[in-house]
Amino acid sequence: MHLPRLLQERFRESLASLTDRADDYAAMIRPTADPKHGDYQCNCAMPLSKEVGRNPREVAAEIVDKLRIDDICETPQIAGPGFINLTLKTDFISTSLSSLLGDDRCGVDPVKSEKSIVIDFSSPNVAKPMHVGHIRSTVIGDALARCLRFLGHRVVTDNHLGDWGTQFGIIIYGYKHFGDPEVVAANPVQELAKLYRIVNQLIEYRKSKRSIASLEQGVQSAEQAVQEAEEFLEGAEDSKKKAAKKSLASAQRRSQSAITSLNAATEKVNVVESDPVLAERAKLHAEIDQAVLEETAKLHQGDSENLALWEKFLPHCKDEINRVYDRLGVEFDHTLGESFYHSQLQGVVEKLKQAGLAEESDGAICVFMDGFDAPMIVQKQDGAFLYATTDLATLQYRLNEFNPGEILYVVDTRQSEHFEKLFAVADQFGLEHVKLVHVNFGTVLGEDGKPMKTRSGTLIGLESLLDGAVERAKQVVCDPDRLTTFDPPMDEAEQEMIAEAVGIGAIKFADLSHHRTSDYRFNLEKMVALDGNTSAYVQYSYARTQKILENAKKAELDIIQLVEQHGIEMTHPAERNLALMLMKLEESLVTLHKDYAPNQLVDYLLDTARAYSKFNENCHVLRAETPQIQAARLSLVCLSGRILQLGLQLLGIGVVPRM
RNA sequence: GCAUCCGUAGCUCAACUGGAUAGAGCAUCGGUCUUCGGAACCGAGGGUUGGGGGUUCGAAUCCCUCCGGGUGUACCA
């Protein structure tokens, strides 16, 4: 059920005699912004009037005159410069609503032309703890996969794991120098993580140590700039004071951020140097960054010892990330990591050379392209391949294996340039039949508006983030005062289950509720709040529907019978509004697909939950005046519950029967 | 420097890609109801969509320009 499409068909017929671009004009149907203009509006008369050189209201009148739509809408109204306003007939809404009953797709028609769509998302580096930066790709990618699949597309999800990079050099180095084979064997996941941290800390120490001099210089020049700005402000004429204040504030910000960077580096150095054990280690492993790269290179060249270690460690690293996926309820059809493509990389480079696309420059093999300052480097001076190479190999493999119509890369927006290059190269490879999309997304910011970090400046672990949300959700949802109102009482297990659903849901919902391309501020308190634009509000609305159905002792089959017997009679505006909302799920999903923007569905669910609340407030079900009215209300409650549940499920969020 | 994204209510964010009086939620203030669970509902205030110009029936959206910010910029991913 996609109302704009239905209306569009009618307009196309009516427009056919006026223009040969009837399709384009018929597409100009929108929901109205204000209910007083009806439910939908068609905005085609104004542009069309220009094409045919006539008065827009006249054109609108002619369109309306030819329009056969009285089975769906009241008489269309022409308003303003030539808007055609459409109000659905309440009968039509009732009939449509009853057709949703018993339909497990909730009225969403499967797409007519299904596509095969590959979605590349999450893609963490194994052996490195997952952190806050992995939320967005994982949550957005999973939601897209669920929604597009539900729409009827053949979706292939692939987790392009970073399982072949420097982080393994780090672990291998750590194992060789700090590892105890027995301890690692006994508790591999934790021990490997520990080894990673030890080596990484030393590398960070070295980096920081090297950068301190230039950071100090940065602070100095920033402070000088502040001073200059202050002096300028003092001497400035009144007319320039405002501008001078602004540039002073800007200089102060820069100075602050320079100081922060310097402090972070100094802190990393001090942590190591103030600890005798660490200081000794740092001295012993002075060349550690180089050594780690060498271990990585040896692995890539097939060194038997390192390869054996890699094979031994990889499963444990996967266990580690799979635990997080289990908790998030995320699954993949394929997990083909970088290592899977290793043997194909040389071939890709050769192919690029043969096609005349790649050439040597400064010892590296590069693809130069118009419109880009820097080339795409596919092989380094030292012979190593890069992620551009892997991405090309991956693309090639996916085209052969999955024959997709679309490939979506759910990856941070900071990698835009990489994907522009990748797509440009792919284009020259003759891949124009597949739609390649970089589904980019913004950064998760802390309360201070800067990328989210812990107080000590490190990234926040994903698991501790989830733990925090669940814990907070439990405090809020399982408040002892509230719990006393439940009958039967909630046992500990149920409380845990609710906290998990609400806590994890809160994080996902908050992420998905923002347009993916914008940055957003992470605020746990607001996310798990019971009021506001939160998952808990939607989940709670669902729980209320279930309570009413329970009290009414009616299952969906009973309701279908009641409707067959009594029909659906709507007497209150809140009923009509809710019913109309319930018919719009497909609309939100189609819009979602157009922009790969899950916030479309989030907005829909919030609107629906609010419409339900209003209905719930105004329209008593059990005390309904007549059986007809009650049948209608039971239908609305039942379908509201089903659609809220389905919508949340399509976002990867669960519901609980009571909370 | 170049490229690119952004600037919307006090705060956090939307706005179906050019449509009517720019919407939600927090927060603030006021109101409703003997709860099919009040975690509710109704209402009010709050905006020159960073500034200025342009395009047209119509601009938060497109173009130009200035101001302010983020990000990326040859061998990391």
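Every chain is numbered from 1, with letters handed out A, B, ... down the list of sequences. Everything numeric in this text was worked out from a predicted model, so none of it was measured.
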Regarding Ile548(A), tell me which of base, sugar-phosphate or nothing describes its non-hydrogen contacts under 4.0 Å with the strands shown.
base
Say whether Gln475(A) and Arg472(A), considering side chains only, have a donor N or O and an acceptor N or O under 3.5 Å apart.
yes
Give a yes or no on whether a salt bridge exists between Arg5(A) and Glu587(A), defined as a side-chain N under 4.0 angstrom from a carboxylate O.
no
Rounded distance in Å between the P positions of G30(B) and G72(B):
48 Å
Within 90° of 0 counts as syn, otherwise anti: where does U17(B) fall?
syn
Can you tell me how far P of C6(B) sits from CZ of Phe441(A), to the nearest Å?
17 Å
Quick one: label Tyr604(A) by what it contacts on the DNA or RNA (base, sugar-phosphate, nothing), any heavy atom closer than 4.0 Å.
nothing
Does one side chain, of Glu51(A) or Tyr25(A), offer a donor that lies under 3.5 Å from an acceptor on the other?
yes
Between Tyr537(A) and Ser613(A), does any side-chain donor sit less than 3.5 Å from a side-chain acceptor?
yes
Do the side chains of Asp448(A) and Lys453(A) get close enough for a salt bridge, i.e. N-O under 4.0 angstrom?
no
Could one point to a donor on the side chain of Asp531(A) or the base of A27(B) with an acceptor on the other under 3.5 Å away?
no
If each of Val621(A) and Pro451(A) is mapped to the nucleotide of RNA chain B with the nearest heavy atom, which maps nearer the 5' terminus, i.e. the 5' end?
Val621(A)
is_close_aromatic(His418(A), Tyr387(A)), centroid dist under 6.0 Å
yes
The side chain to side chain donor-acceptor pair (under 3.5 Å) partner of Arg516(A) among Asn440(A), Asn599(A), Asp511(A) is Asn440(A)
A correct 5'-to-3' footprint of nucleotides 10-19 of chain B, with B, S and - meaning base, sugar-phosphate only and no protein heavy atom under 4.0 Å, is --SSSSBB-B
With a 4.0 Å cutoff (strictly under), does any side-chain N or O of Lys614(A) reach OP1 or OP2 of C42(B)?
yes
Nearest of U56(B), C36(B), C2(B) to any side-chain atom of Lys50(A)?
U56(B)
For Ala597(A), report the nucleic acid contact type (base, sugar-phosphate, nothing); a contact means any heavy atom under 4.0 Å.
nothing
Sticking with atom P, work out how far C57(B) lies from A44(B), rounded to a whole angstrom.
36 Å
Under 4.0 Å between a side-chain N or O of Ser613(A) and OP1 or OP2 of C41(B)?
yes
Electrostatic pair Lys353(A):Glu359(A) at N-O distance under 4.0 angstrom:
no
To the nearest angstrom, how far is Asp34(A) atom CG from G23(B) atom P?
8 Å
Mind running a 4.0 Å heavy-atom check of residues 358-367 of chain A against RNA chain B and sending the residues that fall below it, in number order?
Ser361(A), Asp362(A), Ala364(A), Cys366(A)
Looking for any heavy atom pair under 4.0 Å, which part of the strands does Asp289(A) touch: base, sugar-phosphate only, or nothing?
nothing
Base, sugar-phosphate or nothing for Cys42(A)? Non-hydrogen atoms, less than 4.0 Å.
nothing
Inter-nucleotide P distance (U56(B), C42(B)), Å rounded
43 Å
Go through the structure and list residues passing side-chain hydrogen bond (donor to acceptor under 3.5 Å, both in side chains) with Arg30(A), not counting sequence neighbours.
none
Checking all strands, does Ala536(A) fall into the base, sugar-phosphate, or nothing category for heavy-atom contacts under 4.0 angstrom?
nothing
May I ask you to say what Met659(A) touches in the nucleic acid, namely base, sugar-phosphate or nothing, with a heavy-atom cut-off under 4.0 Å?
base
Salt bridge or not for Arg521(A) and Glu447(A), using N-O below 4.0 Å?
no
Residue Ile377(A), side-chain heavy atoms: nucleotide from C76(B), A74(B), C41(B) that is nearest:
A74(B)
In terms of the nearest nucleotide of RNA chain B, which residue is placed more toward the 5' end: Thr443(A) or Phe486(A)?
Phe486(A)
